[in-house]
Undergrad: 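This is the structure, below, for whatever I ask next.
Naming convention: chains lettered A, B, ... in sequence-line order (proteins, then strands); numbering from 1 in each chain.
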Amino acid sequence: MQMSGAQMVCEAIIAEGVTTVFGYPGGAIMHVYDEVYKQNGFEHILNRHEQASVHAADGYARATGEVGVAMVTSGPGFTNAVTGLATAYMDSIPIVVISGQVPSQLIGTDGFQEIDAVGISRPCTKHNFLVRSLEELPRLLKEAFYIARSGRPGPVLIDIPKDITVDIGEFVYPDTVNIPSYKPTYVGNKRQIEKAVEAIKKAKKPLLYIGGGVVLSNASDLVRELAKKTQIPAVETLMARGVLGAKNPLLLGMLGMHGNYASNMAMSETDLVISLGARFDDRVTGKLSEFAKYADIIHVDIDASNIGKIVDVDYPIVGDITEVVEAMMPQLDGIDTDRYEAWRSILKRYDELHPQSFVDSDEVIKPQWAIERIGELVGENAIITSDVGQHQMWAAQHFPFDRPRQWINSGGLGTMGFGFPAALGVKKAFPEKTVINITGDGSILMNMQELVTAAEYKIPVINMILNNHFLGMVRQWQTFFYEKRYAETDLSFQPNWKALAEACGGIGYDVTTKEEFDAAIKDAIAQDKVCFMNVIINRFEDVLPMVPSGGALFNMMLPQKVDKTKETK
Amino acid sequence: MKNSSNERRVISVIVLNESSVLARITALFAGRGYNIESLTVAPIPESDMSHITIATNGSAKVMEQITKQLHKLIPVYKVIEHEEMVEKEMVLAKFPIAEHLSDIGALCAAYNGGIVNVGREMIIAMVADEPQRIKHFIEASQRYNPSEIVRGGVVAIER
């Protein structure tokens, strides 16, 4: 069929089954937008900043497991999208970003709104393309989606010069992709899997170390079965919250810098780490020489470069978690689960000794209370997004996540401003769910223009601002490590949050008591409108436990069992 | 750069011939802090692939990461970390015409090379040999006052 390059872009998006596209038009991408206007195959959401468009596509992808799509123009449109690409790259999220580029004959001349998009995005995309001719456009569109979702997923940029969107040519969307140099490994090496299973059977203190790869591989049910069958205790990374479910008796909690006592002690004392889709991030390992010091390591990862990158691995298995765990399961028939009973009881005692806890207050709202309260009020029907900082850690520690893809946050890059636009993408994919962005008074301002987007398109997400009038996480470090010199972290000057939300067509709530909190949540759900819930919390609350940067996991600062609400600057 | 126990290694990277593939590879080395000692690239005859030869250095762990990270690039078809190889490098050197033509010719012959051009004011010699021997040739040639020396970078083939 004959059509323009712009039309091909829309046809490809429809063929890929994408229902919502996020973006922002501009000169170089106008022809594509002209076709967006004419078609009925997908909805387009106009964010008020390109960064938000990419985060929204990212949220859509994280919530559904499908490829998210964002569209931006050349130059500043593209550069605004870079943070979104990097965010998706660090967390291996499948998105396709389509950017306009100046016409082919202008490339390299410093044309208006020209920037080298493929050059800039090379280190923060899984792959990128500058389209050279109309003939290759259908194939490159197909490859972009294929590369984004296959293997270790990631963002793909496709940069299309304006003249190619205008040109008319034959469009046949390919059914298959053949890139001879790109063949991801899904099936793990049989011999290595057998060896790993033998090691599991011989271990006395094995530990399942579960990472975001389990979510990406949609292997949560399988991993739950693996844990149940073997009765091996488990820890989750920040990216894996929800995989085992909060009620799972084998789940110790989250490990790492803000992991709970039992999880970090388990990692310090285990004799066999079974790493499934985790990548030994520095926020997880703490001091490397002390990390899992007594353990052999089984490392299952679809990306060979993750294996042996940080720690030396005894049983490397390159493959998809689903494939590898499926292969392991029958070999674990009849495993002696009593073997690990002593180990489980040690860990149970650790957890009783220092459970994940906080001291609640009647005078001021504690952030941990607020998060647990959402769990009670909304629970299973909630999908939680977050920004980056203290609120993110409190959410990861205290919300009762019971399924994967219920927890959506920027783990690798740590992008403040991610939560609100990501929530828009989540809500578009799951309109029946209550989508709550747990955020802070610092982060929320980084993409607050999305109030307008949410109001215009009636995307009712709840922004729960845990407001301590600080850039809280940096403040916490300043308290601990910089002798309380609060350099540029005091956010005492605040907007009128309620008025701000209302000015943009949303609702605002000022919350200072637990009664107001409950009332605001209930009203926000009933109103079905985007809102800012300004929750004033204890100003100097810290995220604990905490492993100081570079310290060993077992050297945790633990929560005081006293009320610190009276502390002042 | 990243590790002290640096060992010199030669890697061949077979890539799809497409625009910016070389940029992807050099950007990978720059971005992750790996060294490039020399780099050569040329199309593989009668194919849509190119052969890139990179001489680099690093510990075994760094080398493993370099290989794996190269593999991860979409247009990279194959990465060969050479163990048993034949390795050659070419060098061109320009000498003033005042120097003895026969002396320079004899020196080049000792290193499997020869004089390739003689003009009104200069002599140009070419030598192709193992990188270590190229180094020796350059040292030996100093007494003939070379005005310019251009090294070509390593190419290697597995034995």
Undergrad: Going by ring pair (Phe, Tyr, Trp, His ring centres under 6.0 Å), name the residues that satisfy it together with B:Tyr144, two or more places apart in sequence or in a different chain.
TA: none

Undergrad: For the NE2 atom on B:His100, are there more than 12 heavy atoms of other groups (residues, nucleotides or ligands in this structure) within a distance under 6.0 Å?
TA: no

Undergrad: Enumerate, by atom name, each donor-acceptor pair separated by under 3.5 Å where one atom lies in chain B and the other in chain A.
TA:
residue, atom, partner, partner atom, Å
B:Ser19, OG, A:Arg132, NH2, 3.3
B:Arg24, NH1, A:Asn128, OD1, 2.9
B:Arg24, NH2, A:Asn128, O, 2.8
B:Arg24, NH2, A:Asn128, OD1, 3.0
B:Gln65, NE2, A:Ser305, O, 2.8
B:Lys68, NZ, A:Ala304, O, 3.1
B:Lys68, NZ, A:Ile307, O, 2.6
B:Lys72, NZ, A:Asp303, OD2, 2.8
B:Lys72, NZ, A:Ser305, OG, 3.3
B:Ile74, O, A:Ser181, OG, 2.5

Undergrad: In terms of heavy-atom proximity below 4.5 Å to chain A, should B:Ala23 be classed as side chain, backbone, both, or neither?
TA: both

Undergrad: Given a strict heavy-atom distance threshold of 4.5 Å, which part of A:Pro180 is in contact with chain B: side chain, backbone, both, or neither?
TA: both

Undergrad: Does any heavy atom of chain B fall under 4.5 Å from the side chain of A:Ile307, the backbone, both, or neither of them?
TA: both

Undergrad: In this structure, are over 12 heavy atoms from other groups packed under 6.0 Å from A:Leu288 atom CG?
TA: yes

Undergrad: Taking atom CD1 of B:Ile74 and atom CD1 of A:Ile179, what is their separation to the nearest 0.5 Å?
TA: 6.5 Å

Undergrad: Specify which of A:Gly308, A:Gly119, A:Pro123 makes the most heavy-atom pairs with chain B at under 4.5 Å.
TA: A:Gly308

